[in-house]
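Reckoned from all heavy atoms, side chains included, excluding hydrogens, waters and symmetry mates. In what follows, chains carry the letters A, B, and so on, assigned in the order in which the sequence lines appear, proteins first and then strands, with residues in each chain numbered from 1.
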Amino acid sequence: MLTGLSVHELAGRFRRKEATPTQAARAYLDRVAALDPKIKAYMTVTADQALAQAAAADARFQSGRPLGLLDGIPLAIKDVLCTRGIRTTCSSKILENFVPPYDATVVAKLLDAGAVILGKLNMDEFAMGSSTENSAFFTTRNPWDLARVPGGSSGGAAAAIAADLAAATLGTDTGGSIRQPAAFCGRVGLKPTYGRVSRYGLVAFASSLDQVGPFGKDVRDAALVLQAIAGHDPMDSTSVDVGVPDYSAELEGGVKGLRIGIPAEYFIEGLDPEVEAAVRAAIDTLRGLGAKMESVSLPHTEYGLAAYYVIAPAEASSNLARYDGVKYGLRVPGARDLIDMYSRTRGAGFGAEVKRRVMLGTYALSAGYYDAYYGKALRVRTLVQRDFQQAFERVDVIVAPTTPGVAFKMGEREDPLQMYLNDVFTIPVNLAGLPGVSIPAGFTQTGLPIGLQIIGKAFDEATVLRVARAYEAATSWHERKPELTP
Amino acid sequence: MTQDYETVIGLEVHAQLLTRTKMFCGCSTAFGAPPNTQTCPVCQGMPGTLPVINRRAIEYGIKTALALQCTVNADNRFARKHYYYPDMPKNYQISQYEEPLAEHGRLEVEVGGVSRAIGIQRLHLEEDVGKLVHEGSLETAPSSQVDFNRAGVPLMEIVSLPDMRSPEEAAAYLRSLRAIVVYLGVCDGNMEEGSLRCDANISLRLRGATEYGTKVEIKNMNSFRNVQHALEHEITRQARALETGERIVQETRLWDPDKSRTVSMRSKEFAHDYRYFPEPDLPPLDVEPAWIERVRATLPELPAARRARFMEAYGLGAYDADLLTGSRALGDYFEATVRACGKPKAAANWVLNDLLRELAGDDERALAGCPIPPANLAGLITLIEDGTISGRIAKDVFEKMYRSGEDARAIVGREGLTQVADAGELSAVVDQVLAEHAKVVEDWKSGKKAARGFLVGQVMKATAGKASPAVVNSLLDEKLPKV
Amino acid sequence: MGDPKITLAEVEQVARLARLALTDAEKEKMRRELDGILTYIDKLRAVDTEGVPPTSRAVPMVNVMRQDEPKPSCPREDMLANAPDPAGELFRVPRIIEE
C-alpha cells in the first residue's frame, strides 16, 4: 500500500517505475477522504492542485529527469505557513478566509523540489497550545486513541503522519510544538537550530523561538525533508548563512564512542513512570550500541517554563497586533468607529488561549513591568543557554524524555497552567535555540506512544539525526501503525 | 506681561531618506505613484513577513550623524514601538529606542549675527507610516482610506536638546538642519511635500529658573514660517495662561495656519505606552570604525563652512554667500565659474541675478538642466572684463546663450556684437545725435540731468547697443558743454 | 494566597492597550487565569541574574543588511484581495476618533 511507505521507500518505487506520483497522490487523497473525517487532521485539502503537481512530477519521471528525492512526494503543511492562493488560517477565525498572495520560503523550496502538496493541517490557533484543542474550528484526534489529543500545536501534522495521511508533513516548534505531538503520536519530529530554516512566510507567534521542521515516518525521511528546507534566506534576517551539510550522508554512522549527556533535572517527580522506564531503556540501548553516557546538569531547567511564558506571549502580543480587520482577515461589521472595530474584531476573532497570551504579553511589556518580566526572562534565558553550553563541553548530544506524560484525553487539561507544563522538557531547547528531535521509544501498557528527545549543539542536526537513526535501527517502534479503519 | 519668561524650545525633525527602496523591503520610494502600487507583503505587514535592513539608509544616518558632530553608536539596534492606527501596517513601527544610531551632536545656529551651538540629543532611523485620506476633517469623516505606498519609507529622526530660546532660533535651526541634509544628498528637504517634518516642544519658565516648565508639543507646522509663527503664538498663549494662574496642560496642539492659532488635540495626560522592546526579527548593528571612516570620507564641505570660505576667499558679503550656498549645486556652479574666469564678484552677480531668474530652482535638478555650463558663463564674464562687449550687450548675449546653449564668443562673433570703443567712430555718432536732438541738449543745458541719459540712449540705439558706455560718456563730457 | 498579582482595573487597562473587547465574564476569568500564571512566573525572581546580560537571540549575529536595489512591488489587486472593505485603490476603515 503506497500510503504505508516512507518517503525514501516511495522515492525508490518512483525510480523503479513501480509507482507514479499520481498514483501516490491519489492513494493519499483517497485515504484522507476515508479516514480524515475521524482524525480531522486537515483544515484544507487541495486535491486539484495536488493532482496537477503530481502529473507534472509524472512527466519528469517519465523523461528520466526527476528533481530529487522529494519529487512527486505527497506532503502536507501546518496551516501556519503561507501558501500562495491557498487559504492559510492558522486555525483562527481571524484568518478564516485569508488567502496569501505569496508562499513561505519553505513552501517554495518544497515546490521547487517537486513535492506534491496535499493540503493544510489543523493546529492550535496561532500555534499557541499543546493539544490542538485551541483550534477555532475543530480538534484533531490522536490516531492511536481517537478520544485523546495528538498534542500541539502541530497536532494535525503529527496525526497526519501517524495515520499515513501524508508521506511527510511540515510543522513548527516554538516551545515543543513539533516534538511534543511527535511523541504523543509515535513519530519522528525535528526542530532545527534557530536560524537553520527560513521563517519567511511562517505566521509569527514568537519571533525569537519559532522554527519550521519536518515530521517523518522515520529518521531518514526527516533528514530528507530537512535537507530540502534548510538554508539561508535573504528574506529572513534571522536565518543563518551557514552551509547545509548532507544530512543523509552520516545517518548510518552509529554512536560508538559518542558522548551522551543525561540531564538530572529531566527526571523529576511527576514524570510518568512508563515514560521514565521507556527512556531509561532507550539509554540502555544506546549504551549497548557503544555510546558513553554521562550525567549532566541543566540547573535552570525549572525556570525555563516561566521565562518562556513571558518571552513567548510578549513577542506574540506584538506579532498579533496586526490582526485588526484593516487590510486582511476578519472584520466584525457594524462597529461605531475604528477603535470599536479593532476591539470587536479581535475579541471575536481570537480564541481564549490567544487572548490570554496577548493579554499576558501586553502586560509584560507595559510600562513599569518590562524589567521585572521581559527583561528578567531574557536574563534567565541566557542562563538556560549557558547550562547547555557548559554541558556540551563534555557531551555531544543530550538525551531525555520529550514530555512528562503521554497523550491525555480531550478536555482533560482545562487549566492553562496545567497545559503549559506539557512543554517543560521541550521549552529549554527553544530558549537555547538548539536542535532537538523526538523519536518513538515505546508504548504504554495501553498502547500510547512514548517519545525520546535528542538535543544537539547548534547546527549539529547531523549528529542528532545520527543518534536517532542508530536507536531506530536497533528498535522497531517506528514500524508500528495505529489501527484505523474508515 | 508682568513676569519675565524664558522660552525653552526643542525640535524633533523627521527626514525622509533619499534611498531608492524602503527601509525594510525592496519597494521603490519614488514619489507620486498611484495608491497601493508600491507595496509588498512586507511593507503591508501581511502575516509571516519579515523586515530586512536597507544598508544605504544606515549609511545616510551615519553620514548625517557625522555632519552633526554626533557620536555614532557602534552597537545600535532596532526596536518595536507599538500603537494602533490604520496607517500602521503592523500596529507597531520598527524604530530605535534605547540604542539609537547616534547621540550627543551639535548644530551651530546664527540669529542676528550671534552664533550658538544647539545640542542634538539623538539621531535614529525608523520606518514611515502610510497615508490616510479622508473627506473633510478627521473628526467628521465617516470613514477614511489608507494608501500604504509611503509605509516603510526610511525616516531619520533628529531630536534636539531643549536648547533653543526663541522661535527665530528654532526656525534658524530648522533651516540649517535642512541645508545640511540636502547638501549631504540624504533628504530633499521638502516641507510642503512632507519629506522634512518638524514637531516642537515648547515651555516657558521664569527667567533664572532651573526647572523646566510644562512642555507642550506642537505639530502640523509645514514651513519655516509656520514653525516660527506657531511658536510665537504658543508663547503668547502660554504666557497669558501663566499670568492668569492657569496650569499649562502637557498635551499636543496642532497649528492651524488659517486661524493662526494652536488647537488642542484630546489631552494626553497619560503618555502613550509604546511597549518598546528590541526587534527580534533584526540582529543588532555593529557599525565598525572602518565603515564610519569610509562614510566620513564622503562628507562634502558643509553649508556653514562653505559660506564662511566664500566670504573669506571671494570677498562676498553675507547675503550673497548665503544665497550661493543655499544649495550645494548652486555653490558648485558658482565655484566652477570662478575657477574658469577668476572674477568672483562678477560671477556672483550673474549667478544670483540673471541665472536664478531663469532657472526653475536652485537645486541639483534645476542646475542639471541649465543650458549654460559654468565654463560658458565664465566665458561671457571674460568678454565683458576684457572689453569685448559692453555690460548691456552682455545681458542680451546671456539671454541668447540660455535659449540656444551656445557659448558667448560664438554668439558675439556671429551677430557682430563686439563693442565699439573707437573714439573716432563714436565721435561721429555722438555728433549726429547731438545735432538731431537739439531740444534735448537745451534741456540738459537748463539743468535737466535726465536729458543726458536720453542722449546716451540715442547713441546706443544708433550703434545697436554696441557702443562702449565709457567712451560715449567721455565723448559727451567733452562735447556737450561745447554745443 | 498573597496579594492578587493583577486587578480587574489592570485587566481592563491591558485589554484597552491590546484592543481586545472582553465581556465582563471574560474579564473576571482572565483576571483569575492571569493571576495564576503571573504567580507561577514569579518564580523567576528567585534566579540570581546579577551581571547576566539579556539574550534575545539564540545565535549571535550582527549587521544583516541588503543593498538598496528596487524589487518589483506586488500588484495592487493582490494586496487588496483580502481587504475587508476595499475602496477602489485604497483600504477603507471606519471613522477614526482620537483616543
Participant: Would one find more than 12 heavy atoms of other residues, nucleotides or ligands at under 6.0 Å from atom NZ of Lys71(C)?
Facilitator: no

Participant: For Asn422(A) and Ser130(A), test the side chains for any donor-to-acceptor distance below 3.5 angstrom and give the result as yes or no.
Facilitator: no

Participant: Measuring centre to centre across the rings, with the benzene-like ring taken for any Trp, is Tyr323(A) within less than 6.0 Å of Phe126(A)?
Facilitator: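 Judged by ring-centre distance (under 6.0 Å), Tyr323(A) and Phe126(A) do meet the cut-off.
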
Participant: If the threshold is 4.0 Å, N to carboxylate O, is there a salt bridge linking Arg16(C) and Glu12(C)?
Facilitator: no

Participant: What part of Ala81(C) gets within 4.5 angstrom of chain A, counting heavy atoms only: side chain, backbone, both, or neither?
Facilitator: neither

Participant: For the residue pair Asn319(A) and Ser207(A), confirm or rule out a side-chain donor-acceptor distance under 3.5 Å.
Facilitator: yes

Participant: So which of Gly347(A), Ser343(A), Ser237(A) has the largest heavy-atom pair count under 4.5 angstrom toward chain C?
Facilitator: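 Greatest number of close heavy-atom pairs with chain C: Ser343(A).
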
Participant: Taking Ser317(A), Ser366(A), Ala458(A), Ala307(A) one by one, which has the highest count of heavy-atom pairs under 4.5 Å against chain C?
Facilitator: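 Going by pairs under 4.5 Å, I would pick Ala307(A).
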
Participant: Which atoms of Ser318(A) come close to chain C, meaning under 4.5 Å heavy atom to heavy atom: side chain ones, backbone ones, both, or neither?
Facilitator: neither

Participant: Out of Tyr102(A), Tyr373(A), Phe350(A), Phe459(A), which one racks up the most heavy-atom pairs below 4.5 Å with chain C?
Facilitator: Tyr373(A)

Participant: With a 4.5 angstrom heavy-atom cut-off, is it the side chain or the backbone of Leu417(A) that approaches chain C, or both, or neither?
Facilitator: side chain

Participant: Taking Asp48(C), Val64(C), Leu22(C), Thr23(C) one by one, which has the highest count of heavy-atom pairs under 4.5 Å against chain A?
Facilitator: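 It is Val64(C).
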
Participant: Does any N or O in the side chain of Thr382(A) come within less than 3.5 Å of the main-chain N or O of Pro53(C), such that one atom is a donor and the other an acceptor?
Facilitator: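 At least one qualifying donor-acceptor pair exists.
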
Participant: What part of Asn97(A) gets closer than 4.5 Å to chain C, counting heavy atoms only: side chain, backbone, both or neither?
Facilitator: backbone

Participant: Which answer fits Pro234(A), side chain, backbone, both or neither, if we ask what part of it has an atom under 4.5 Å from a heavy atom of chain C?
Facilitator: neither

Participant: With distance as the sole criterion, is a donor-acceptor pair present between the side chains of Ser208(A) and Arg381(A) under 3.5 Å?
Facilitator: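 A pair is found: one side chain offers a donor N or O, the other an acceptor, under 3.5 Å apart.
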
Participant: Let's test your reading of the structure: which of Ile37(C), Val11(C), Leu20(C) forms the most heavy-atom pairs below 4.5 Å with chain A?
Facilitator: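 Max contact count across the listed options: Leu20(C).
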
Participant: If you count heavy-atom pairs within less than 4.5 Å of chain A, which of Val93(C), Asp78(C), Thr49(C) leads?
Facilitator: Thr49(C)

Participant: Is the Tyr309(A) to Tyr420(A) ring centre distance short of 6.0 Å?
Facilitator: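 Close enough - the centres of the two rings lie under 6.0 Å apart.
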
Participant: For Tyr369(A), is it the side chain, the backbone, both or neither that has a heavy atom under 4.5 Å from a heavy atom of chain C?
Facilitator: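 Contact with chain C involves the side chain of Tyr369(A) alone.
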
Participant: Using heavy-atom distances under 4.5 Å, tell me whether Thr238(A) contacts chain C through its side chain, its backbone, both, or neither.
Facilitator: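 It is both, since atoms from each part get that close.
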
Participant: Who among Ala15(C), Gly36(C), Cys74(C) has the most heavy-atom pairs with chain A under 4.5 Å?
Facilitator: Ala15(C)

Participant: Using the rule side chain to side chain donor-acceptor pair (under 3.5 Å), only one of Asp35(C), Thr39(C), Asp42(C) pairs with Lys5(C); which is it?
Facilitator: Asp42(C)

Participant: Please state whether the side chain, the backbone, both or neither of Met341(A) comes within less than 4.5 Å of a heavy atom of chain C.
Facilitator: side chain

Participant: State plainly whether the residues Glu353(A) and Arg356(A) are in salt-bridge range, i.e. N to O under 4.0 Å.
Facilitator: yes

Participant: Find the one option among Arg386(A), Lys376(A), Met359(A) whose heavy-atom pairs under 4.5 Å with chain C are most numerous.
Facilitator: Met359(A)

Participant: Could you give the distance from CG (Leu34(C)) to OH (Tyr363(A)), rounded to the nearest 0.5 Å?
Facilitator: 9.0 Å

Participant: Would you mind checking which part of Ala377(A) comes under 4.5 Å of any heavy atom in chain C, side chain (CB onward), backbone (N, CA, C, O), both or neither?
Facilitator: both

Participant: Heavy-atom cut-off 4.5 Å, strictly under: side chain, backbone, both or neither for Gln13(C) against chain A?
Facilitator: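 Neither part.
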
